[in-house]
Structures are given as structure tokens and as C-alpha cells.
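All remarks here apply to the structure that follows.
Lettering of chains follows the sequences in order, A, B, ..., and the numbering in each one begins at 1. Basis for what follows: all heavy atoms, side chains included, without hydrogens, waters or symmetry-related copies. Here the structure is a predicted model, which is why all the values come from computation and not from measurement.
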Amino acid sequence: MGDALNLALREEMRRDPRVYCIGEDIVLGLPFGVTKGLVDEFGPERVLNAPISEAAIVGSAMGAAVTGLVPVVDMHFADFVTCAMDEVVNQIAKSRYMFGGQLDCPLTLRMPYGIGRSGGGHHSNSVEAWFVNTPGLKVCIPSTPADARGLLKTAIRDPDPVLVFEHRGLYRVTGEVPEAETPVPLGAADVKRPGRDVTVIATARMVHASLEAARRLAEEGVEVEVVDPRSLVPLDREALALSVRRTHRAVIAEEGPMRASVGAWLAWVIMEDCFDDLDAPIVRVAAPDVPIPFSPPLEGFVTPDADDVVAAVRQTLK
Amino acid sequence: MGDALNLALREEMRRDPRVYCIGEDIVLGLPFGVTKGLVDEFGPERVLNAPISEAAIVGSAMGAAVTGLVPVVDMHFADFVTCAMDEVVNQIAKSRYMFGGQLDCPLTLRMPYGIGRSGGGHHSNSVEAWFVNTPGLKVCIPSTPADARGLLKTAIRDPDPVLVFEHRGLYRVTGEVPEAETPVPLGAADVKRPGRDVTVIATARMVHASLEAARRLAEEGVEVEVVDPRSLVPLDREALALSVRRTHRAVIAEEGPMRASVGAWLAWVIMEDCFDDLDAPIVRVAAPDVPIPFSPPLEGFVTPDADDVVAAVRQTLK
Amino acid sequence: MAPGPDLLLQMYAGMLRVRLFEERVRELFANGRLPGFLHTSIGQEACAVGACAALRADDYVLSTHRGHGHLIAKGGALRGLMAELYGKANGVCHGKGGSMHLADASVNYLGANGVLAAGCVLAPGVGLSIKRRGSAQVVVTFFGDGAANRGPFHEGVNLAAVWTLPVVFFCENNRWASSTASSLSAAGGSIAARAAGYGIPGETVDGNDVLAVWEATTRAVLRARRGEGPSLIEARTIRWVGHFEGDAQAYRTKAEVEEGRRTDPLARLGRLLEARQLLDAAHAGRIRAGVVAEIDDAVAHAETSPLPAPQDALADLFASYPWSR
Amino acid sequence: MAPGPDLLLQMYAGMLRVRLFEERVRELFANGRLPGFLHTSIGQEACAVGACAALRADDYVLSTHRGHGHLIAKGGALRGLMAELYGKANGVCHGKGGSMHLADASVNYLGANGVLAAGCVLAPGVGLSIKRRGSAQVVVTFFGDGAANRGPFHEGVNLAAVWTLPVVFFCENNRWASSTASSLSAAGGSIAARAAGYGIPGETVDGNDVLAVWEATTRAVLRARRGEGPSLIEARTIRWVGHFEGDAQAYRTKAEVEEGRRTDPLARLGRLLEARQLLDAAHAGRIRAGVVAEIDDAVAHAETSPLPAPQDALADLFASYPWSR
Ligand SMILES: Cc1ncc(C[n+]2csc(CCOP(=O)(O)OP(=O)(O)O)c2C)c(N)n1
Ligand SMILES: Cc1ncc(C[n+]2csc(CCOP(=O)(O)OP(=O)(O)O)c2C)c(N)n1
Ligand SMILES: [Mg+2]
Ligand SMILES: [Mg+2]
């Protein structure tokens, strides 16, 4: 998926000279390699290593975006968006609305996030809920290389600010990427595996955990449909509802904590759209409400996985 | 409610010399009068006007809290917590857990928030969902003077960080405050009005809107029960479930936006605890997903009110 | 470097326009015509006007919660501004922004700001896009003495300095951040002195002397246009009125306000113009009458304009619709 | 001001302890024994050891992502630290923290930090509680040259200065923030020079000279104990190894690392001790053997300690339970 994102950046930077990348250590492509080699093709004017100044990195991106450039910001770790929170939620998110539509703010925030490899408390957090809760931002979250490339391209072309949550555990996931440049629209969910018994709505790494769960459950004759919303704002409510109306059962799987999260909201969306179609309560898979611990057994315990999805699906079938 | 909060601060500062208040312009009690006069009783050593440095205000409060003081931080407007987001969610929220319980962090963040009086985009936001979504923080949200005093006292005495969301539209709301010092425990919901037909779960200003709605609906013979969770973390799930199991219908009313919000999560909680008891889909009342606009008719449009609660209750009865 | 007669007269009219506009909105606010919070810049006009007089029309300004003066000085139309303060549909932001959260893109005024010092980090990005275009524009970001204690000041100045960006950091030091004295909150006692730590020019000027402000800003702007990077200007001034409308000002003495009135930047320039025989009472009267007429017109326009339709609250969120989901 | 023989030997042993500890954890990491990310401070030992040697046991330290050395220099037990790096149940944070997120309250080490410069704003609060107690303690907050470009540096230094708090801001300038050169990211070229803007002492020292570090820190600490407020120290040093384990270091020359090895702070102090006849080969050997034994013990302890039970992930969240709801 890292290569697909790199390809998307290259394609968009070739297409539009206004596009530039900014972040910490992105010239060498640290920490995850996504921006690697871009400087060779586009030069240091368009691939900017910034000082450790998250507020200035994100804030300056807005300043550039409203005056003609198209920045793609690398947050390094999504955890550090806390150091630029005002810039994201008060400045960037509100610039079009508050100013009555006078200013475009075509800006992309790449948010490497997620649990894994004992990242520990400050390097593992799933913070997408805060931004879904912030009107004025579009939020997407790819699970495959093809989606990652397509969504990042769409994000860069979008005249509004878009956050792309890239699970850092997926950078090495491989998968087919189409030859042609195929942007994936925002607001279009994708059925990653069809099935008739239970709908599992999952994002990012949990899509893979859910597919694994689906394979295991298939052996028991349970056909799970895995639906990946791909973008959270806007959300393809129709696609989710369509699936649940057929299966009558829903599991929602995310990696963030339980409370006031994206999954809680999706559960409500399903309830609102499909209450009469549900044959069982929606079951959620999420991390318990604790910070992410360092030690592997602890980290393993809090990380939602295929087992959790299997258990959740079974619960909806009880 | 402002006076009740002032009283709570006085009582706790008298009780415990480690307690101090810090914030911008709090010596004079700006902007909402809550800290007014404290300096006369406790002196400028314990009522600290800080520079405009939210990160340092909040960060220093943690530094003080883990080394023996008990800070009460005034965020001025909750909107500006974005300027100290890392300090709240990465430092304060995680200090006990990440360090294996070595450090107490007895710290209170007072968060004046909410829509009203054309505050505009940077002075009206409901951001409680972000912190409910952040493990390691306790979050409460009073609706009456008595609850405000009791919850703030509990927050100050708590060995963990507690955020108190004070709706700025309620500072002038009056109500009985008991003579005796009565802390309100965290995790204890309160039935603000009993009723048998529909449960309305509401926080802060929406409690008042819901009581108004209940009065109106009572005239039509619909008996609404208004339940105020008062604290969100921990949450009194039992009390909410108890009510819904009796009424079989639930409305959830908050002032924040629709997506990934507290109300969405509460809806899921009710669904998880009471799925089989529900005779109708849960209906939510919340602001639409836009920043809060300035002009009165626009602000009025986005502000959830008693009419919205009435409509929601009617919808559950359809 | 000295401004010619035309520019002097222009600055005089500019300061008068800000002064009378602010006085009028105070009155309107007191009469309940304007919703929301209101911060006016009465007494500080030389900062906005002196700084903006050093700018080209295509230069950018980033402003603050106390931003009417900056917009007026940058050439913003009074009608759009006044209608916005009224919350009217034809306000420059359709009533969505209001006093603290408005912008006027038509004059490259990129926004007042409800968050102190936020402009300090937006500015380097504006500088970056200017640099990429090679357009020799500059961006001025205004902020208060209180705001200078926030982190974005540091990050923004450092970034602009290290990347040699065409930014002017303009601090209006009016001695107070709301009720908190600058002397008790800004260590070292000088905002301008902080510039040295970043290797950029820092200069303190009398912010009640519009010529001094214009000169300092002109130096900084020329430097920026030459591609030599940012500068920091600290203009010392006095606000005559409360921090916000309704502020009882228990924190300061009457003497300070009197000092402000004694050093009135408008009267000062008036005296200079008279001494140079560029202005007499009749001329001054005509200028004032013109400004009053402009303001009357803006008020009349705002008063008679419609409020937005409530459901317009859902518009302007994203460039493309529908995004209700 | 000069350290006596005991202190010199103590610093020698201290630097050796940090050096050998870090070399061992690199080895353990390479062998897959340690989970997570790892940043070691090899080459920079004089900073941690020189600074902490100027402290009392009850003084506080706030540290960074590159924090093992600070903890060891502050007197932290190697067993608890090593077990934590292994993620074991008896690690100092029960395996919840790990290298970048650990604290050891028993020696007033208030935390490494995964967020750069975070300690800069925590420190004034520690200073505030010291001031209230009147205990004449101090707090040292370490941060890197890269971190000095973040807002909290500015806010923390300003607050400590304006409230005259007993804080020492200690910048370890190792020329690089990960792959980004300090010269390309810190405007002005000097972190210490920023102190002047806040009216506090700022000093650049050779961070590979433990005596110079000790002296500068002692000055700053005494000043703080006297109630005269904070100081800023910039120690110039060189990291010999990658930013993190696995860093290919394509961004810098071999010559720089060689320069580091040539100016090795440990060897330098060793030569000084020899010249003063405070140390000979035999004595040095005994010191080394003692340190190696300590580290061996810590490794053996960590290797044989149990991992935490998975469900312990739910413990330590709040002081009081149950809070599962
Ligand atoms: C980040 C932030 N913190 C606090 C406030 C509340 N506030 C509004 S104006 C003000 C005082 C600002 O002082 P200064 O920067 O000197 O500007 P002045 O009002 O004097 O023009 C404060 C504290 C805010 N708007 N933003
Ligand atoms: C706020 C924040 N931004 C980015 C990072 C990622 N990061 C970790 S270490 C590092 C470089 C730090 O450089 P410096 O402060 O000089 O310390 P050094 O590593 O050289 O000791 C970066 C960018 C982080 N941990 N925190
Ligand atoms: Mg001021
Ligand atoms: Mg460094």
C-alpha cells in the first residue's frame, strides 16, 4: 500500500505543479517510505522537509492552500496531529464555511496511524473519530493498495480539506493496482467480500481481519459480507443499508476505542436506516478504552483481530 | 450555575491548600464570572492569570499535578483546548496508564462550551466527544447549579484528570443548591423528570430543552422521562437502561454535531443494553454537521432546541 | 523614506475611517443592533493604517479578533463588513463569520481569527505560495502582545525565517491581553527582541505614530520583496476602550486611557498635515463628511439588508454537494 | 567551580554505564529481544551525566524519546528500566510504557516522552509546585535541537521566565532531528541565543565535555535554587549511531560520526582522570567490570521475568475502579 500511495503522489505531482508535499523527514521518506524518491523527480521545492513544528506545517499548508497551492501534509504519526489540532479543526475545517465560501482549501492530510509493533502510547492511536466529529473535513480510510492510490488521488484533487488515514500496519500489504489512473470517489463504499448472512462493516486493518474471519466462518457455512466504507465523510449510507437489509445482521469493526468513536456512530447510522430490518443487535468490535500499551501481550490484548470479528459475528447469530 | 461553580471552587480551595486555579483572565473572573472574587480570599498565588499560552497552561497543570498540587484549569472557551490538545490527550490522559500507575494526576479542566449569543465559529463548539473518545480522561457535564457544584467538587477531589464541560448558556441558570457540601459522584445519572412513555437522555442545555419539551408533551398526555447522565466517563449505563426498559422508547439529545459524537455512542449503548426492549428506533437530536455560524437565524437553525426534542419524541411514538 | 502628501492624506482618511467605523459599531452594539462579541481598535488605528499603507493591493493580510481596522485599511468595502457584523445575508461572509471570524478575499484579507496567533502559522504558507509564484507579494500577519506568547508565534517566525519567506510579523502591543498586563506575561519585556533569536530584524516602533509604522513596515516589506525573508515589528500602542464591548476595565487606570487620548494617532497626523499646510479645517471637514457618508451608507445598507434564511446554515460547507451524510 | 575527585569518578562511571547500557540494548534489539522503536544516546552521554551530576536526588527530570541515559544518570535502577524495554511485567511501568514512554517516579524521573518538546510545558508546572513548597528543588527538562522548534519550547520558557520558576531547559543539540539538519530547521543557528528574548541566561557548551556540561548546569541549578528563575543550556554533541535502530543514515557523512568518536566524552574524561592520576587501567577495568555486571544482572533479570498477563492491559487506567463503562 505504501508503493500505491507513492505512485498516487507521483501521478498527482506530475499532473498538477501546484501540488507539493510537506512533513518531517519526507525527503528520505521516513518513517514509512511513502514519500521515498519523490525529491529526485520533483526537487526540494516540492518535497519539503520541515522543522519539527506541526502547527506551522499544518497551518502553513492552509496558508498555501488558500492562496493557490495544493499541499499534501505528512503527519508522520497521526498521534502528532494533536500538536496542530487548532490548525486542523478551527482553521482548515472552518475556512470555507466561516468565510461564506470565499476561499478554497484544497489540502490533504496524510495520517499514518494505528496499533502495531509496540509503538506505545504516543505512536499507536486511532484518532479519526475526532475529525469525523469536526464539520468541514472530509475523511477517508483505505484498506487496499488500489483504494489507497485512488482515494489519495481524489483527496488531492478535492477543493476541500481531506484527511487520509493510512494504517501503518498496511503499508506493506500488497494487492492489485490498476494500470490506469483510477481515482476512487469519496462517499463510495466497497463490498470486499459478498455474503448473505451477516454484514461486517470494517475499516483499514479491520477489513483484513474481517476477511480472515469471513474465510474461517465460511468453513462453518456462515457467509459474511465485508463492506468497507472507504470514506467516512461523506459516508455511503446507502451501500451500508443495502447490505444490512439483505443480511439483517451487522457487525462494526474498527481499531479505535469504544467510546464516541466512528464505530459507535456507524452503529447508529445502521440503526437509523435499518432498524426494522435488524434481527439482532449490532455488535461492535473495537479496542477497549485504554491507551495503547507497549508490551506485546498487552498490545495484543487491546488490538481487535479476526478472532474478535468471528466472536462478534457469532453473537449476532445467537 | 456560575455561582454554584464559584462556591465549589471556594469550598475546595478552603479544604485543600494544594488546590489552585489557573487560566487566562481568571483573576477578574473573565469571561463568565466563575472565578470572580477568588483572588480576594486565596491570593494571587492560588489564582493565577497565565499568559496566552494554552499548551503551557495545561501542560504546567500536569507538571504540578504529578508533583503534589491540584490544579483547576479554566480553558476560557473549550474551543481553545485545541491549542493544548497534545497536553490533554497524550500527556494528561496517558500519564497514569503509560507509567504503570506510578503517578497520580489530580487535575480538573473546566471547559466553558456551547452555542449561544452569536459566538461564531471559534467560540461555540461542543468538543466533548473527542475526550470521551480519549481513554484516560473522566468527563462530566452538569445541567443544574447543584450538579455543577457537586460534580466540580468531585472532579477536584478525584486523583485522575477530569474534564467538566460547563455550557456557557447555563451560567445564569438558577436552581436550588443544598446547604451542605454534597459532591455528586461520577457515574451517577439523574432522572430530572420521571415519565413512563419515552426516555429522553440529554446533557447540559439539552436537559432544559428536554424538560421544556416534556412539559409541552405532557399537555398532550405524553409522559417523557428526562434522564441526565451527568458524567459521560464513567457512564451510568444501568440508570439509562433502567429507564429505557420501562419506556421502550429513547431520544438522545445533545448540542454537538451528529457524527462520531457522544449521542451516537449513547445510542449504541442503549442499543446494546436494551435492543429487545426497544419498540422504536432511537431518535437523535443534535446539531447538523456544520461549524456554528454567527448570524442569529443561522445559529438558531443549527441549535437543537425544545421543538427538536418534541419532534423526536413524536417520531419515537409513530 | 518619507510618504508624499497624497499618501499622508490617504493615511489620515484611513485612520479616520477606522476610528469612525469603530465608534459607530460601538454605538450600534450598545443599541443592540449587532449580535455577538465585539472588539474594536479605537486608539490603535495607526498600526492598521500605517502597516497597510506600505502594501500593494495584491499583498495579503492575516488578522485577529480585533480586525475591522485591518480590513478597512486593506481596502475592504464597508458595506460587506458592516452587513457581516449585522449578520446579514449579503455580509462579506453571508453572516456566517461575524466580527471575529470574517474574511474578505477580494482584497486578500485572509481572515480575522477567533484563535490568537493562528495567523502566525498560516502566514508562512502564504509566503510559500508567493515564493513559488515569484510574484514579490508579501503577507502581513497581525497579532497582539498576548498572542505573542503562544507557540504558533515561535513556529511561524522560525519557519518563515529558515525558509526566507516574505512575511511581516506585526505585533500590536497595546499593553494588555484582555485584563492581563503584557509586562506580567511576556518575559523579557520586548516582543521585538525575540527576533534576534531567529536571526531576523526586529524593531519596536511608536504605534501611535503612523509615519513610524509606515516606515518600519515599508522597510520590512521591501526586504521581503527582495527575497530576504521575514521581519518582526512591535508597535506600541494604547487601546482607548474596553477589550470587548462591556469590559469594565477594572484592571487599568484612567490615566492610561488619558495617555492614549493625548497621543491620539489621528490628531497627531492631523497636526502634522496642518503644519505642512496639507490640511485645513475645511478640508478636514470634507474628509470627515465623506467618511461619515460612507459609514452611513454602510449602516443603511446593512439595516435594510435581509437576514439569511435559516437553512442557509447548511450551505458553504464544502465546494461540492450533497454532503449531508 | 570544579568537581572533586569523587564526582569526577562518579561521572566517569555514569557515562560508562550509559554507554554500555545503550550498546547492550542495541545488541538486544538487533537480536530481536526488544519490541518497539529504539533511540539510543551513544556519544551524547556527557549531556545526561554532566547535567544530572549537578542535581540532588530530589530534583526532577523530564526527558525525551532518547531518554535511557537521562534515567540512568538520574539514578534509575537498571533492572526496572531493562525489564521495561523488554516489556516485562516488572518493568518500571509494568510494560505499559516502553523505551519512549516510561517514567521512574522513585528517582523523580517524570517521563521520557513520545512527543517532542512536551516536557518544555510540563516543566513550569513542576517548578510551580517546587516554588509553592519552597523546597529549593529544580527541574531539568531535556529536549533536542529539533524539538526546540516546537511551540511548547516557546510557551514553556516564557512561562518559566515570567514566573521565575526553577527550571533548567537543557537542549541536546546533536545537529540532527532524525534526518533533518538543525542548520536547515532552526533559524538563527543557535538555540541558546533564543534565551535573550525572554531575558534569561542562555549558554552554549561543548556537550562532549562532561565538565563543561556539569559547570553550566550547576550554574543554572544554583540560580534556580536561589529563586532567580530558569536558564537555557544548549549542549552541542554528536550522536554516533542512527536516529533509531535501523536508520540507514543516508543523510549524513561518515566523517561526522568519526568526529564524534574522536571527541568521545568518555575517553576524554578518562584521559583527564588519568592525567590527574585518579584513574589507572586497573581501576578503569574494575569500574567497567562493575558496570558490565550491573547490566548483565539487568538483562538476566529482564530475560527471566514474566511478560504481563494480557488482561493487565485494562489495569492502571484510573486510580479507582471499576471504570469499564
Ligand atoms: C488561543 C486563544 N486563547 C484565548 C483567547 C481569548 N481571548 C480573546 S482576545 C484575548 C486577549 C488578546 O490579547 P492580545 O493578543 O494582546 O490582543 P488584543 O486583544 O490586546 O488586541 C483573549 C485571551 C482566544 N481568542 N484565543
Ligand atoms: C511532536 C513530534 N513530532 C515528531 C515526532 C517524530 N520524531 C521522533 S524523534 C524526531 C527527531 C527529533 O529530533 P531532536 O529533537 O533533535 O532529538 P534527537 O532525536 O536528535 O535526540 C522526530 C521527528 C515526535 N516524536 N513528536
Ligand atoms: Mg494586547
Ligand atoms: Mg537532534
Side-chain angles (χ1 to χ4, degrees), chain B residues 17-18 20 22 45-46 48 50-71 83-84 86-87 90-107 135-138 158-161 186-187 231-238 269, chain D residues 60 62 84 91-98 100-106 108 110-115 117-133 137 139 141 150-152 154-160 162-163 165 167 313 315-320 322-325:
Chain B
R18 300 171 307 161
Y20 73 98
I22 183 169
E45 296 255 294
R46 295 180 64 196
L48 296 167
I52 316 291
S53 301
E54 283 76 12
I57 291 171
V58 175
S60 73
M62 164 161 159
V66 298
T67 58
L69 296 184
V70 180
C83 304
D86 177 65
E87 288 70 25
N90 280 327
Q91 310 301 325
I92 290 170
K94 300 185 170 58
S95 63
R96 180 183 298 278
Y97 185 85
M98 256 180 10
F99 300 152
Q102 292 180 83
L103 298 175
D104 273 355
C105 190
L107 176 158
L137 301 172
K138 298 174 181 174
D158 199 286
D160 291 311
L186 298 178
S231 97
L232 299 172
V233 181
L235 179 71
D236 189 350
R237 290 178 73 137
E238 288 74 19
V269 165
Chain D
Y60 296 98
L62 286 156
E84 186 64 26
V92 66
C93 301
H94 308 161
K96 291 211 165 70
M100 263 196 288
H101 314 93
L102 61 80
D104 186 346
S106 70
N108 281 356
L110 297 177
N113 216 306
V115 181
C120 290
V121 288
L122 304 181
V126 180
L128 202 62
S129 78
I130 292 171
K131 201 171 176 178
R132 277 283 296 283
R133 275 195 300 279
Q137 292 160 285
V139 52
T141 182
R150 280 202 61 227
H154 173 64
E155 295 195 12
V157 172
N158 183 60
L159 189 66
V162 79
W163 287 353
L165 299 172
V167 182
D316 294 326
L317 183 63
F318 290 129
S320 43
W323 296 121
S324 54
R325 328 174 265 181

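In this structure, the side chain of B/E87 does not engage the main chain of B/V58 through any donor-acceptor pair within 3.5 Å. In this structure a side-chain-to-backbone donor-acceptor pair under 3.5 Å is present from B/Q102 to D/A105. Side chain of D/S129 to backbone of B/A64: no donor-acceptor contact under 3.5 angstrom is found.
Only the backbone of B/L137 comes within contact range of chain D, judged by heavy atoms closer than 4.5 Å. For D/A117, no part lies under 4.5 angstrom from a heavy atom of chain B. Proximity to chain B is limited to the side chain of D/N113, based on heavy atoms less than 4.5 angstrom apart. Proximity to chain B (any heavy atom under 4.5 Å) is restricted, for D/L102, to the backbone atoms N, CA, C and O. Within the 4.5 angstrom heavy-atom criterion, atoms from both the backbone and the side chain of D/V92 approach chain B. When heavy atoms are compared at a cutoff of 4.5 Å, B/E45 approaches chain D by way of both its backbone and its side chain. Heavy atoms closer than 4.5 Å to chain B are found nowhere in D/A123, neither backbone nor side chain. Interface residue D/P152: only side-chain heavy atoms are found under 4.5 Å from chain B. For a residue to count as touching a neighbouring chain, one of its non-hydrogen atoms must lie under 4.5 Å from one of that chain's; by this rule B/A93 does not touch chain D.
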Check step by step if side-chain contact (heavy atoms from CB on, under 4.5 Å) holds for B/D158 and B/L186.
CA-CA 9 Å; B/D158 199 286; B/L186 298 178; 3.8 Å; yes
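Between B/I92 atom CD1 and B/C105 atom SG the span is 5.5 Å, to the nearest 0.5 Å.
By the 6.0 Å and 45° rule, B/K138 stacks over the aromatic ring of D/F318.
Chain B forms more heavy-atom pairs under 4.5 Å with one residue of D/H94, D/R132, D/E84, D/R133 than with any other, namely D/R132. Of the listed residues (D/G125, D/G156, D/G97, D/G114), the one with the most heavy-atom contacts under 4.5 Å to chain B is D/G125. The candidate with the highest count of non-hydrogen atom pairs below 4.5 Å against chain D, out of B/V66, B/I52, B/N90, B/L69, is B/L69.
A salt bridge does not link B/R96 to D/D316: none of the charged nitrogens lies less than 4.0 Å from a carboxylate oxygen.
Of all non-hydrogen atoms in D/V162 and B/P51, the two that sit nearest each other are CG1-CG, 4.2 Å.
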